Amino acid sequence: MASVKVGIIGLGTVGRGTLDVLRRNATEISRRIGRPLQVRQVVVRNPARLEGLDARDFDVVQDPFALVNDPGIDVVVELIGGIEPARSLVLAALHNGKHVVTANKALLALHGNEIFALAQEKGLVVAFEAAVAGGIPIIKAVREGLAGNRIEWLAGIINGTCNYILTQMRSKGCGFDTALAEAQALGYAEADPTFDIDGIDSAHKLTILGAIAYGVPLEFPAVHVEGIRSLQGIDVTYAEELGYRIKLLGIARRTAQGIEMRVHPTLVPAAHLLANVEGPFNAVLVEGDAVGQTLYHGRGAGAEPTASAVVADLVDVARTLTADPANRVPHLAFQPGQLASVPVLPMASVESAYYLRIQVLDKPGVLAQITRILADEEISIEAMIQKEAPDGAESVPVVLLTQRTLEGRMNRAISALESLPVVNHSIIRLRVETLTGSH
Ligand SMILES: NC(=O)c1ccc[n+]([C@@H]2O[C@H](COP(=O)([O-])OP(=O)(O)OC[C@H]3O[C@@H](n4cnc5c(N)ncnc54)[C@H](O)[C@@H]3O)[C@@H](O)[C@H]2O)c1
Ligand SMILES: N[C@@H](CCO)C(=O)O
Ligand code: NA
């Protein structure tokens with residue numbers, strides 16, 4: 001049988017990993033598909049990337065638009081990242097009747113509705129396993145393996161760079177900048193690492209996960225996003241003292257009022273499996289009504305782990321090349337005509353427990369003022385630690401854990417606390433999730 005002809009755009013970390021895996025596992029891959037995958041062309045912008053690579057069995061080309069217009073290519077693999085020209089290339093490939101494999105979560109989170117609509121109209125596949133949690137087959141798990149469930153919630157460590165930084169800060173007392181530079185050198189970070197550390201990359205991935213979990217369109221602007229840039233080492237330490245670790249989580253949850261979609265640093269009980277996902281590893285915990293909790297763990301970034309997902313998508317596409325387009329697995333898990341319009345809840349309507357660090361002047365009666373304000377908002381205190389003032393410090397930290405409450409109530413309490421004359425700094429507020437049962 002004729003080979004499946006592949007064109008790859010971008011020979012960066014993931015592009016190079018994809019070529020290496022395709023080459024090393026070529027025999028196994030063609031045994032799985034029933035015919036060979038043949039990389040015909042690779043678009044290389046920076047010739048230095050060819051160093052040490054045997055490029056004899058494909059054409060190295062310059063113009064990605066020529067590749068997506070070439071009738072000799074069946075499947076286009078987009079691995080350049082960013083919005084343009086990636087968006088135009090993917091749309092042009094679809095217009096030309098080619099299937100697409102992409103690792104580009106930013107592109108899908110922002111323009112996926114348009115891209116999937118065109119693919120559907122043309123009877124083509126856009127495969128994107130590498131876009132969420134790298135090598136972990138989370139798209140396949142949620143879209144197919146859990147298709148019998150009503151998904152209640154999911155919570156994931158879905159950015160390897162942030163998890164690497166948080167792990168280094170906690171376990172080695174490493175500085176933020178040093179840990180970030182290491183993550184970049186290891187090929188985990190985005191071209192613009194602010195996407196990682198400000199939570200935007202996690203929000204791109206959560207947008208995709210939320211869509212396939214709940215059968216809603218991709219709604220990136222509705223996701224609440226906080227990253228780890230302003231996280232302070234002292235809060236990592238106090239969280240540990242209280243029995244928690246801080247993880248950057250992406251959380252999607254169904255409630256009676258709508259869907260929560262949020263990315264923020266989160267205190268997770270130290271004994272919880274997610275708290276023990278370390279370094280560049282990712283993990284996604286999914287609660288389905290029938291199955292209960294399932295956990296998916298593995299490498300979410302890096303050349304070959306991400307290539308593992310790109311190649312799996314190529315195998316998937318090759319197997320369904322001749323299938324009736326109407327009978328393929330729908331891109332967003334639910335049939336396109338069945339997507340629901342469920343509101344994404346504003347943060348004020350989200351319920352969470354909280355960690356608060358309140359810097360106060362060391363005066364009598366301060367704690368009574370704090371507890372009264374919390375009581376006025378019906379917020380119960382779960383635990384409290386008060387530290388000695390370091391020599392010469394003008395304020396002492398009071399660290400509180402609260403029970404679950406509405407974020408709107410917590411916002412009002414924080415404003416009232418910050419207006420107290422004894423509170424002389426902005427209050428540090430972090431959310432706490434136990435990730436058991438219904439939450
Ligand atoms: N690195 C990871 O661990 C990882 C994991 C999952 C997903 N991704 C995604 O995979 C994609 C690629 O990431 P990467 O880490 O390999 O990035 P990278 O920066 O290492 O590689 C991108 C390559 O594309 C090339 N390129 C850019 N614009 C081009 C153009 N117009 N024509 C031809 N080449 C062009 C660049 O020169 C570079 O070599 C991104 O969408 C990223 O979000 C990366
Ligand atoms: N920059 C991303 C790559 C994987 O999507 C991360 O650190 O997780
Ligand atoms: Na994946």
Side-chain angles (χ1 to χ4, degrees), residues 7-19 41-50 60-68 77-90 101-110 127-143 156-166 179-180 182-202 204-205 208-209 212 227-228 248 250 279-284 296-313:
I8 298 178
I9 309 175
L11 190 62
T13 303
V14 183
R16 177 62 190 260
T18 299
L19 278 178
Q41 295 178 25
V42 180
V43 182
V44 183
R45 192 174 61 177
N46 174 7
R49 299 290 311 180
L50 287 162
V60 174
V61 295
Q62 293 290 323
D63 180 5
F65 286 93
L67 184 147
V68 298
V77 183
E78 181 277 304
L79 298 174
I80 60 176
I83 303 301
E84 286 296 349
R87 173 178 164 272
S88 301
L89 288 165
V90 166
V101 173
T102 179
N104 193 335
K105 53 267 165 158
L107 176 64
L108 294 180
L110 271 63
F128 53 95
E129 184 59 77
V132 183
I136 304 174
I138 189 66
I139 300 298
K140 194 169 265 285
V142 175
R143 203 165 57 174
I157 295 171
I158 46 180
N159 184 271
T161 302
C162 286
N163 207 48
Y164 183 86
I165 293 171
L166 291 174
L180 171 61
E182 284 173 15
Q184 287 178 291
L186 290 162
Y188 305 145
E190 294 303 299
D192 178 354
T194 60
F195 274 44
D196 296 296
I197 61 183
D198 289 339
I200 300 161
D201 176 75
S202 294
H204 289 148
K205 294 164 177 165
I208 298 171
L209 284 177
I212 64 171
I228 63 167
L248 184 68
F281 280 82
N282 282 195
V284 185
Y296 308 87
H297 174 264
R299 290 187 186 275
E304 291 212 1
T306 310
S308 165
V310 171
V311 174
D313 275 349

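Because the structure is predicted, anything quoted here is derived from the model rather than measured. Indexing begins at 1, ligand by ligand and atom by atom, following the structure's order. Note that the numbering runs from 1 along the sequence shown for the chain.
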Has [X] got a side-chain atom pairing as donor or acceptor with [Y]'s backbone, closer than 3.5 angstrom?
X: Asn163; Y: Gly279; result: yes
X: Arg299; Y: Pro305; result: no
X: Glu129; Y: Ile139; result: yes
X: Asn46; Y: Ala48; result: yes
X: Asn104; Y: Ala131; result: no
X: Glu78; Y: Gly81; result: yes
X: Asp313; Y: Phe128; result: yes

Rounded to the nearest 0.5 Å, how far apart are [atom1] of [X] and [atom2] of [Y]?
X: Leu11; Y: Ile80; atom1: CG; atom2: CD1; result: 12.5 Å
X: Glu182; Y: Tyr164; atom1: CD; atom2: OH; result: 3.5 Å
X: Tyr188; Y: Asp201; atom1: OH; atom2: CG; result: 15.0 Å

Output, by chain and residue number, all protein N/O/S atoms separated from the Na ion (ligand 3) by less than 3.0 Å.
->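 Listed by chain and number, the atoms are Glu129 O, Glu129 OE2, Val132 O, Gly134 O, Ile136 O.
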What does the list of residues with a heavy atom under 4.0 Å from ligand 1 look like, ordered by chain and number?
->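 Heavy-atom contacts below 4.0 Å: Gly10, Leu11, Gly12, Thr13, Val14, Val43, Arg45, Leu79, Ile80, Gly81, Pro85, Ala103, Asn104, Lys105, Ala130, Gly187, Glu190, Ala301, Gly302, Thr306.
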Shell of residues surrounding ligand 2, defined by a 4.0 angstrom heavy-atom cut-off that is strict =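 Residues within 4.0 Å of ligand 2: Lys105, Asn159, Gly160, Thr161, Tyr188, Ala189, Glu190, Asp196, Asp201, Lys205, Gly300, Ala301.
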Pair Glu190-Lys105, salt bridge (Lys or Arg N to Asp or Glu O under 4.0 Å): steps then yes or no | CA-CA 11 Å; Glu190 294 303 299; Lys105 53 267 165 158; 3.0 Å; yes
Pairwise side-chain contact, Thr306 with Thr13, heavy-atom cut-off 4.5 Å (strictly under) =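 No, too far: nothing below the 4.5 Å cut-off.
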Residues forming a side chain to side chain contact (heavy atoms under 4.5 Å, CB included) with Ala307, sequence neighbours excluded =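 Scan of Ala307 (side chain to side chain contact (heavy atoms under 4.5 Å, CB included), adjacent residues dropped) gives Thr18, Val21.
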